[in-house]
Amino acid sequence: MDVLKLDSGYDAAFVEAVMNESGQDPFACYQCGNCTAGCPYTFVYDLPVHQIMRLLQAGHKGRILQSHSLWLCATCESCTTRCPNNIDVARIMDVLRHMAGREGMITEKQVKQFNDSFLDSVKKHGRVFEFGTLVKYIARSGRFWSDADLGPKVMRKGKIAPRPHDIKGKDEVARIFHSVLGDGKK
Amino acid sequence: MSPELSYAYYPGCSGLSTSKDYEISTRAVCRALGIKLQEIPDWSCCGSTPAHTVDHVFSAALSARNLSLAEQMGSDTVITPCPSCLTNLKVAAHRMEQEPAFQQEVNRHLQEPCVNTVQVKSVLQALIQDLGPEAIAKQVEKPLSGLKIAPYYGCIMNRPPEVMDFDDPENPVAMDEILRGLGAEVLPYPLKVECCGASYGVARKDVVMQLSGKLLDLADSLGADAIATACPLCQMNLDLRQDQINAALKRSFRLPVFYYTQLMGLAFGLEEKDLLLNKLNVPAGPALAKMQQAAEAAAEQDAQTKEQ
Amino acid sequence: MKIGVFVCHCGSNIAGTVDVAGVAQAAKNFPEVAFATDLLYSCSEPGQEAIVQAVQEHDLDGVVVAACTPRMHEPTFRRAVERAGLNRYMFEMANIREHCSWVGKDKDANTRKASDLVLQAVEKLRFDRPLQAKSFDINKRVLVVGGGVAGIQAALDCADGGLEVVLLEKTSTIGGKMAKLDKTFPTVDCSSCILGPKMVDVSMHPNITLYAYAELESVEGYVGNFEVSVKKKATYVDWDKCTGCGLCMEKCPSKKAYDAFNEGIAPTRAINIPFPQAIPKRAVIDPTYCRQFIKGKCGVCAKVCPTEAIDYEMQDSFVQEKVGAVITATGYDLFDYRKYGEYGGGRYPDVITSMQYERLLNASGPTGGHIQRPSDGREPKKVVFIQCVGSRDKSVDRPYCSGFCCMYTAKQTILTKDHIPDSQSYVFYMDIRAPGKMYDEFTRRAMEEYGAQYIRGRVSQVYPYKDSLIVRGVDTLLGSQVEIEADLVVLAVGAEASRGASELAEKLRISYDAYGFYMESHPKLRPVETNTAGVYLAGACQGSKDIPASVGQGSAAAAKVLALFSKDQLESDPQVALVSQARCVGCGKCVQTCPFGAIQLAEDRAGNPKAEVIETVCQGCGLCTVTCPQSAIQLQHFTDNQILAEVNALCQQAMEESFES
């Protein structure tokens with residue numbers, strides 16, 4: 001494992017940006033680890049949440065933004081609800097994910113592909129068209145067999161709508177995409 | 001009779017598709033209870049999880065468009081059955097209230113600005129707080145006696161408490177109260193708010209297998225006949241993926257996973273077209289038959305005691 | 001008038017950011033200033049000597065010292081001017097440290113501000129008049145509120161020192177929290193073996209009057225002469241007749257009463273004596289559970305009582321006591337473990353508090369000292385201890401460290417191993433706080449000799465699964481989520497101010513902090529005194545503390561009272577309100593306003609109502625002076641003229657300048 005340079009490696013601009021975008025003070029964290037203790041996703045994380053918080057205190061942007069954990073957090077709010085220091089940890093995770101996305105550091109491609117497919121569908125129809133989202137995701141990720149067993153169940157029961165429900169204001173919704181995110185995706 | 005309850009209604013996208021059963025049963029139950037739902041005209045997607053993982057203004061703008069539409073209806077409260085929609089709408093409203101600059105920024109991207117006057121609630125909250133458990137219990141025609149239910153709320157309906165401001169964030173009881181009123185036996189299910197794996201079913205199935213597997217195991221260990229849920233995503237993970245979970249964990253769970261509104265409808269004596277129980281992947285039949293048998297046995301015993 | 005001004009360097013504390021020589025130079029031009037100089041350390045012996053000398057050499061009438069806060073050194077300099085032959089109230093202090101040198105870095109601005117502050121003091125001093133303290137007789141009895149170990153210690157020390165003591169205890173026995181404990185750290189000696197004899201001493205001591213099951217109703221008066229009203233709550237048992245035989249408790253048919261002494265871990269009878277060593281050993285009826293009170297019929301205890309002590313008609317009664325000092329030793333309460341929903345306290349029977357566990361360990365407890373799970377009576381093999389439940393947690397408004405939980409938890413792991421040799425204890429902790437004598441060694445023993453597993457991290461959730469409790473936490477040293485299938489979970493609940501602490505504080509007119517703990521007069525130098533003369537603190541009412549610290553404070557408070565009572569008379573502070581009989585119209589507004597009850601309405605010779613200040617009660621707060629519509633009341637040493645002189649000193653020049661421009 002690399003030696004972390006605590007002095008020269010401290011990225012003040014990064015820490016400030018996280019504080020500004022999240023409205024949270026990472027230095028209120030005393031490393032009790034409650035966030036990790038309660039996080040249902042710790043078992044698939046490469047960095048447990050409390051270590052992300054610690055790295056944030058140490059200003060180590062690189063290790064944080066390269067972590068897979070950012071893309072596996074489901075914002076279930078366990079950490080935020082139970083933090084003894086009232087830190088909205090889930091919001092910090094969200095903000096770090098925004099930053100990783102902006103810097104193109106996407107360590108869980110499939111998660112990002114699924115999210116993109118979902119949002120593309122919203123942009124196009126105004127409401128998400130689940131069937132279309134799935135088709136697009138499968139095409140993007142090439143994961144044809146992962147949920148093949150569900151297909152017949154869903155189809156037989158009519159569990160999924162076969163056609164999109166376009167809304168009248170879909171252009172208005174699409175404009176929100178353009179207006180906030182610009183034409184390129186964040 | 002209390003004055004008629006009327007709300008702006010936000011069904012959420014999955015209600016038109018994978019959780020049609022939730023949507024139909026919610027509407028049917030509200031109709032039976034005299035609650036008026038006025039669907040927000042031309043509502044759009046709240047953005048769900050994918051939106052807030054990209055940008056918070058973006059996510060809030062997608063939600064605020066709908067809040068703005070509800071305002072234009074002249075409504076003061078919007079209710080939604082889906083916890084994911086609920087969270088997005090509530091987070092947007094909460095943050096706009098806390099940070100005026102944020103609200104301005106959000107409104108910059110909307111055709112009609114959101115004044116942020118509408119209160120957002122879950123259908124569950126409206127049922128328990130505005131209507132009350134007694135009024136619900138009064139509608140019961142066929143009590144769910146003998147049906148042992150594990151109530152599962154999902155992770156975000158009550159959390160974080162500062163934003164959601166409803167029920168206990170660690171041990172919510174609203175659904176318990178309703179189910180008990182229906183005559184069911186509500187089990188002390190301790191993982192009420194533990195995450196099921198959320199939307200990772202598609203991209204990281206392994207995650208859902210573990211997390212939802214744990215929830216099923218706990219319900220099974222308590223001797224549950226069924227699980228009741230209030231969230232489309234939870235229902236899908238626990239029900240539709242139950243066979244996958246069985247295969248992955250080498251288990252053989254057969255636990256039907258109802259929406260609590262379906263159970264209400266059942267107890268109210270509503271018809272299948274209002275319940276859509278046939279949409280469940282794990283069939284409800286055996287659990288309901290067991291309940292029926294228990295009820296008949298109890299009735300018989302009752303009759304015998306009377307004869308004696 | 002000839003005034004002397006002394007400007008202190010305070011090393012570099014003041015001189016670093018204020019030109020002290022410049023301030024002294026400027027002061028030479030202030031009205032009636034006959035002498036001004038700067039001093040390196042004015043509070044030092046040579047500094048004080050310089051002041052005394054200057055007074056004598058220059059024949060000064062008054063002294064201004066510009067230095068630090070008067071809270072610290074005003075008494076020092078008053079003594080100095082007195083040594084120089086002046087009245088001690090012919091002295092003013094300008095705070096140019098806390099109010100000036102420490103808060104700004106701009107030396108020019110600081111110097112100007114310091115000069116202004118000195119000018120204010122000079123202007124006030126010009127109106128100072130010599131004041132004389134009065135002496136008054138005192139009542140050398142002491143009231144101790146609270147019969148826990150701190151109050152017991154304070155009462156015994158005072159009583160042994162020859163004082164008459166009135167000891168008040170709100171429950172039916174003294175002993176407090178310590179009486180509930182099984183063993184004590186770091187010696188693992190039996191709690192009741194060391195406390196028991198002290199409790200007996202209290203009951204036997206000729207100088208101690210004990211009121212158990214009693215509360216402080218009201219307090220009047222002032223240091224040396226308090227009058228207190230004690231409420232003796234109805235016990236429904238005549239304690240003069242009751243012999244403590246326990247027959248009533250044995251026969252009582254109401255068996256589901258809440259047992260506060262056993263922390264609710266098992267029920268007790270509606271009439272009960274909390275434990276065998278109780279002092280006084282007397283029975284009390286709990287009317288919320290007694291059938292005679294609920295249903296109007298039963299009477300079993302009255303029938304079986306051999307001394308006919310039962311009295312269902314008993315009412316609360318009141319006793320008046322006169323004392324000269326009060327020691328509050330009201331202790332603490334435990335954090336409500338139900339507040340952490342994620343741990344399930346109150347929902348899952350096998351999640352208990354550390355104090356409940358103490359009762360399970362204790363041979364006089366409901367299980368006879370056998371550790372049994374409340375749910376099924378099974379002996380637990382895996383016991384998990386969770387630290388900081390209601391300590392160091394902002395989210396439940398308890399950001400402070402309770403200080404003793406680390407130690408009692410270590411003790412409980414040792415006792416667990418003693419009771420159940422094949423058991424394993426696990427302790428989730430954030431930091432181990434063990435700074436006392438032999439304390440850290442003790443926690444090491446728990447780990448090294450008794451094999452307690454210490455896990456660095458918090459627990460996020462506890463939930464029942466089959467026959468066990470799943471404890472899910474983190475080991476931050478491993479960087480890993482961890483789980484334990486436990487049989488019993490013990491929550492190391494923290495301390496909070498005892499319920500009712502703020503109400504009592506208001507009766508005693510003492511201050512308390514945001515959490516309800518009583519404020520000491522100085523956090524380092526006056527730890528057992530309050531800002532109300534004659535009222536002292538002992539034990540955890542001032543802040544969470546363990547037994548040795550509580551006992552130490554009990555003795556310290558007793559020493560303070562003994563010192564106070566070493567004189568037969570006390571001097572009153574003459575900086576009190578004074579009524580001008582000529583101006584007073586007897587409206588009585590001041591009487592209503594005074595928070596200390598120091599003003600009463602009397603009649604002058606012509607029979608007109610007039611306000612009258614009881615000098616020994618008045619605390620000099622000044623509320624009456626601003627309330628009086630006639631300006632008939634003046635606070636000595638802080639008269640309207642003096643305050644206005646200070647205001648003018650600051651504003652006149654600025655005002656004149658603004659008119660000129």
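Remember, it's a predicted structure, so these values are computed and weren't measured experimentally. Labels below follow one simple rule: chain letters A, B, ... track the order of the sequence lines, proteins then strands, and each chain is numbered from 1.
- When B:Glu170, B:Gln244, B:Gln210 are compared by the number of non-hydrogen pairs under 4.5 Å with chain A, B:Gln244 comes out ahead.
- In this structure, B:Gln38 places its CD atom where more than 12 heavy-atom neighbours from other residues, nucleotides or ligands lie under 6.0 Å away.
- Proximity to chain B (any heavy atom under 4.5 Å) is shown, for A:Leu72, by both the backbone and the side chain.
- A donor-acceptor distance shorter than 3.5 angstrom exists from the side chain of A:Arg127 to the backbone of B:Trp43, with no hydrogens or angles considered.
- Heavy atoms closer than 4.5 Å to chain B are found in the side chain of A:Lys153, but not in its backbone.
- Remark: the backbone N or O of A:Ala161 is paired with a side-chain donor or acceptor of B:Ser17 at under 3.5 angstrom.
- Counting heavy-atom pairs under 4.5 Å between each of B:His56, B:Glu162, B:Met236, B:Glu194 and chain A puts B:His56 at the top.
- Between the side chains of B:Asp55 and A:His98, no donor-acceptor pair of N or O atoms lies under 3.5 Å.
- In this structure, the side chains of B:Val202 and A:Phe118 stay at 4.5 Å or more apart for every pair of heavy atoms.
- Using a distance-only test at 3.5 Å, with no hydrogens or angles considered, a donor-acceptor pair links the side chain of A:Glu130 to the main chain of B:Thr18.
- Here CD1 of A:Ile160 is found 12.0 Å from CG of B:Leu16. Values are rounded to the nearest 0.5 Å.
- Heavy atoms closer than 4.5 Å to chain B are found in the side chain of A:Glu108, but not in its backbone.
- Interface remark: A:Asp147 contributes backbone and side-chain atoms alike to the contact with chain B (heavy atom separation under 4.5 Å).
- At a 4.5 Å heavy-atom cutoff, the contact between B:Asn281 and chain A is made by backbone and side-chain atoms alike.
- Once rounded to the nearest 0.5 Å, the distance linking NE2 of A:His125 with OG of B:Ser44 reads 14.0 Å.
- Of all heavy-atom pairs between A:Thr81 and B:Pro161, the closest is CG2-CD, 3.8 Å.
- Ring pair A:Phe114/B:Tyr200: centre-to-centre distance not below 6.0 Å.
- For the atom pair CZ (A:Arg97) and NE2 (B:His52), the distance works out to 6.5 Å, reported to the nearest 0.5 Å.
- Of all the listed residues (A:Met93, A:Arg156, A:Glu172, A:Lys168), the one sharing the greatest number of non-hydrogen pairs under 4.5 Å with chain B is A:Glu172.
- Of the atoms belonging to B:Thr87, not a single heavy atom falls under 4.5 Å from chain A.
- Contact count versus chain B (heavy atoms, under 4.5 Å) is highest, among A:Val154, A:Thr75, A:Ile138, for A:Thr75.
- The shortest heavy-atom contact between A:Thr80 and B:Pro160 is CG2-CB, 3.8 Å.
- Remark: side-chain polar atoms of A:Lys157 are paired, donor with acceptor, to backbone N or O of B:Leu280 under 3.5 angstrom.
- The CG atom of A:Asn115 sits 4.5 Å away from the OG1 atom of B:Thr53 when rounded to the nearest 0.5 Å.
- With chain A as partner, the option from B:Arg108, B:Arg95, B:Lys20, B:Glu99 having the largest number of non-hydrogen pairs under 4.5 angstrom is B:Arg95.
- In the model, B:Arg159 has a side-chain atom that pairs as donor or acceptor with a side-chain atom of A:Ser78 under 3.5 Å.
- Between chain B and the options A:Arg143, A:Glu21, A:Arg91, the largest number of non-hydrogen pairs under 4.5 Å is found for A:Arg91.
- For a residue to count as touching a neighbouring chain, one of its non-hydrogen atoms must lie under 4.5 Å from one of that chain's; by this rule A:Arg82 touches chain B with the side chain only.
- Contact of A:Val111 with chain B is made through backbone and side chain together, with heavy-atom distances under 4.5 Å.
- By number of non-hydrogen pairs under 4.5 angstrom with chain A, the leading residue of B:Ile156, B:Leu110, B:Val91, B:Asp42 is B:Asp42.
- Across every non-hydrogen atom of B:Cys195 and A:Tyr41, the tightest pair is SG-OH, 2.9 Å.
- A distance of 14.0 Å separates CZ in A:Phe129 from SG in B:Cys45, rounded to the nearest 0.5 Å.
- No donor-acceptor contact under 3.5 angstrom links the side chains of A:Glu77 and B:Asn158, judged on distance only.
- By the 6.0 Å contact criterion, CZ on A:Phe131 is open, its count of non-hydrogen atoms from other residues, nucleotides or ligands being 12 or less.
- Chosen from B:Asp21, B:Val207, B:Asp206, the residue pairing most often with chain A at heavy-atom distances under 4.5 Å is B:Val207.
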